[in-house]
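A short write-up of the structure that comes next.
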Protein chains: 2
Amino acid sequence: MLSLHQLTCFLAAYEHGSLTAAAEELGYAQPSVSEQIRSLEKSLGVPLFRRVGRGVVPTTVADTLRPHAERVLAAVEEAQESVRRVKSFETGTIRFGMFGTARLYAGAGLVADVLTRYPGVRVELIGQNSTDVQEDLRRGRIEAAMIAVPQVDSEGFEITPVARDELVYISRDPARLESPVTAHRLSLASLVMPEATWRSDDSTRRVLRQMLHETGRNPQTRIEVEDVETAVELVGMGYADSVIPKGAALQLLPRLAPGAGWVSLRPRQYDTFAIVHRAGATLSPAARLMIDLATARIQEIADPL
Amino acid sequence: MLSLHQLTCFLAAYEHGSLTAAAEELGYAQPSVSEQIRSLEKSLGVPLFRRVGRGVVPTTVADTLRPHAERVLAAVEEAQESVRRVKSFETGTIRFGMFGTARLYAGAGLVADVLTRYPGVRVELIGQNSTDVQEDLRRGRIEAAMIAVPQVDSEGFEITPVARDELVYISRDPARLESPVTAHRLSLASLVMPEATWRSDDSTRRVLRQMLHETGRNPQTRIEVEDVETAVELVGMGYADSVIPKGAALQLLPRLAPGAGWVSLRPRQYDTFAIVHRAGATLSPAARLMIDLATARIQEIADPL
DNA sequence: GAGATCTTATAGGTCATGCCTTGGGTTTCA
DNA sequence: TGAAACCCAAGGCATGACCTATAAGATCTC
C-alpha cells in the first residue's frame, strides 16, 4: 500500500539525488529512507532510482511520478490547512440550535457577533422551536443549542440555564394593564398566541397551563398565529391580548404595537433559557464560541442566572 | 502525522454515516476504523463525527475536510495510474544510450519501432559517441546502451556483443577498390575521418591503429570532420578516401556519394557492437524493450553474433 | 594504485502502530 | 421490555518504522 511517507521520502531523495541527504533533511537515519524508497518501488513494481555509488539517479519513471507525488502532498497540505482555518474560524460553517422566540433575543445579533469577529464563517441557526432543536440535538445534527426549559427531556442531555425571562401580559387596553394579571383574569381573557408557543411541549404553554390549571379552566385562545411578531401586531390592533416573554415584549411592542403595554402576571411566571447539548460531549471550539456569544446576548435582555 | 489510511476510513465513514458500515466496505473490523478516525481527529485537533448511538454524524469540520480528502485520494490514484501507464509503455520516456555511428544502423528505425508499438512514449537516444555514452552509463543517467566494443572499460559493466560489422575502405577512385586494402596501402592513403571516429577511445580508431602499427606508420588523416555523413560526402567528391563500418557504407554511399564504392581491408577488420549496462543491474522493462529492438535493428545490417 | 571518503545496503533490535477478538454500554426499534 | 445495531475499551498479536552498527561498492585524491 502506497503511503504519504513513501512519497515524502521519494521527493526528498529525488531533489537531493541522495538518500543520505534526504534522510538528513527529513530528520531520519539513512536506512529508514532507503527502506521507504525500496518499499515504494516494490509497491509500484518499478525501480525509481539507480544506485550509482555516489548518490542515486532518478529513472524516467521517477520523473513521471514526481509531479504527481508533489500534487498529492500539496493536496494533503491544503486539507490540513482547510481544517486549520475552520478551527480558527477563518472559514467554515458554524451550526447552532435555537428555538423560535430565542431569535428575538439573540438571533440577528448573535449572527452579527459571529460575523463581526470572524468574517469568513457561515452561520446556521437551526430550529423553529424547541422540539425540533431537541430532535436535532438527539440526532446529532447540531452540537449545542439555546433552548427553553423546562420542556426538555433531560435524559441524555446536559442543560445549563443561563437566563430567565418573565412572562408578561400584553394588551392595548390600558385598563387591563393596571394591575398584575391573576390566573383568574387570564382564564377569562381572549388571547392570541403564536402557534409555536402553544405547541404541546413548549415551555410557555406549560407554564400557563400549570397556572390556569389551578382555576380549572383552559386558556381561551381566540387566535393562533405562526410567529410572535404577528401575535404582537394583532395585540396592537386590539383584537386580543397575549402572553409573551418580557424580553420579546420590550423589543416588539414599540415597533409593532405602539399603543399597547405590558404587565406582569401574578404570581410572576418565567421562561428559562438554557444551553443544552448531549451529555458527556466534548464541545468543539465553534460550539463554545456560539454558547458564549448567545449567552451574552440573551443575558442583555433577560435576567442572568 | 496524517495518513492516507485515515483519509480513506474517514471518507468511508462519512459516506455511510456509520463506522461499522465503513469497516465492512473496507474489509476491516469496526474498531480498526474507529481507531483510524480517532487518530485523525487527534492529529487534526478537531472532532469529525458526533457519536450518536446509532451511527455517527459528520461535523461541519468533516464537511470541510471531505472534498480535500477526496482530492488527496484522487491524486494518489492518478500517481499510481501514471506509473502504471509508464510501466505498460502507454506513456512516459524511454531513454537509451547509443554511440554516434550506431544511429545509422538503428537510430531512426529504432525510434520508429518504439513509436509504432507504443505511440504514447517519448524516446531519447543519448550520446554522440561511445565515450559519452559510457560516462552516462557510469553516472547512471542512462540504464543501458548500444555501444562499440572493444574500447569499453569493462570494469563494472556487463557487455553483451550482438553484432559485428566489417570496416571497409571507401573511395571514388575505382582503381583503389580493385583489391582489398592492405595495411601498407592504408598507411599511404589520404583519409577523411569523422572526428568522433578518431577520438582516442573510439573502437574504429583502435582497430586501425593496431593494423597500421605493424607498418610502423601513423594513419594519414588529411581531413577530420564531425560526422560520418560529411566524411562520406567528401569521399564522394573525391577529396579523400575513408574507412567506415560496412553497414554505414551500404547505407550512405548510394545517397551521399553515388560515384564511390567500397572494398574490404586485408586482413578484414571488424567493429563489434554490444549492449552494455552496469554490472549486476536489474533492467527495467523499458530497457529490455530497447535492447531487443536495437539488437534486431542492428542485426539486420551487421552480422549477428 | 592505495587509501580516504562518501554513499547505499544489510542486520538486528526496539518501539509504535494497525488490526483483530472479546466484552460492555448506549441508542433504537419491535 | 427485550433484541438488535452500533460504538468504545482492553488485551494480544503481527507488521512496520526507526535506530545503531557494520559491510560493501564507488569515487576521489595523492
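By the side-chain contact (heavy atoms from CB on, under 4.5 Å) test, A74(A) is found to be paired with no residue, residues two or more places apart in sequence or in another chain being considered. When the side chain to side chain donor-acceptor pair (under 3.5 Å) test is applied to S39(B), the partners found at least two apart in sequence or on another chain are Q6(B). Under the ring pair (Phe, Tyr, Trp, His ring centres under 6.0 Å) criterion, H5(A) pairs with Y28(A), not counting sequence neighbours. By the ring pair (Phe, Tyr, Trp, His ring centres under 6.0 Å) test, F49(B) pairs with F10(B), sequence neighbours left out.
Of the candidate nucleotides dT21(C), dC28(D), dC18(D), dT21(C) has the atom lying nearest to any side-chain atom of A29(B).
For the helix from dG1(C)-dC30(D) to dA30(C)-dT1(D), the rotation axes defined at the first and last 5 base pairs enclose an angle of 30°, given to the nearest 10°.
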Atom pairs under 3.5 Å, N or O on each side, protein against nucleotides 4-10 of chain C: can you list them with distances?
from, atom 1, to, atom 2, distance (Å)
dT7(C), O3', G55(A), N, 3.4
dT8(C), OP1, L19(A), N, 2.4
dT8(C), OP2, T20(A), N, 2.8
dT8(C), OP2, T20(A), OG1, 2.3
dA9(C), OP1, R51(A), NE, 2.6
dA9(C), OP2, S34(A), OG, 2.7
dA9(C), N7, Q30(A), NE2, 3.3
dA9(C), N6, Q30(A), OE1, 3.3

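For R278(A), no side-chain nitrogen or oxygen approaches OP1 or OP2 of dT26(C) to under 4.0 Å. Distances shorter than 4.0 Å separate none of the side-chain N or O atoms of Q36(B) from OP1 or OP2 on dT17(C). Checking the phosphate oxygens (OP1, OP2) of dG16(D), no side-chain nitrogen or oxygen of H5(A) falls inside 4.0 Å.
Within the nucleic acid shown, R50(B) has no heavy atom closer than 4.0 Å to any nucleic acid atom. If you check every strand for non-hydrogen atoms under 4.0 Å, E35(B) touches a base. Residue contacts shown for G140(A) are absent, as no nucleic acid heavy atom lies under 4.0 Å away.
Nearest-nucleotide positions on DNA chain D place V33(A) closer to the 5' end than the other of R138(B) and V33(A).
Within the structure, salt bridge (charged side-chain N to carboxylate O under 4.0 Å, His left out) contacts touching residues 33-43 of chain A (residues at least two apart or in different chains) are E41(A)-R51(A). Applying the salt bridge (charged side-chain N to carboxylate O under 4.0 Å, His left out) definition to pairs two or more places apart or across chains, none involves residues 6-31 of chain A. Residue pairs meeting the side chain to side chain donor-acceptor pair (under 3.5 Å) criterion with at least one member in residues 55-66 of chain B, sequence neighbours excluded: Y14(B)-D63(B).
With hydrogens and angles ignored, the 3.5 Å screen pairs no side-chain donor or acceptor of K87(B) with any backbone N or O of S82(B).
Under 4.0 Å is where a charged nitrogen must lie from a carboxylate oxygen, and between E143(A) and R50(B) at least one such pair does.
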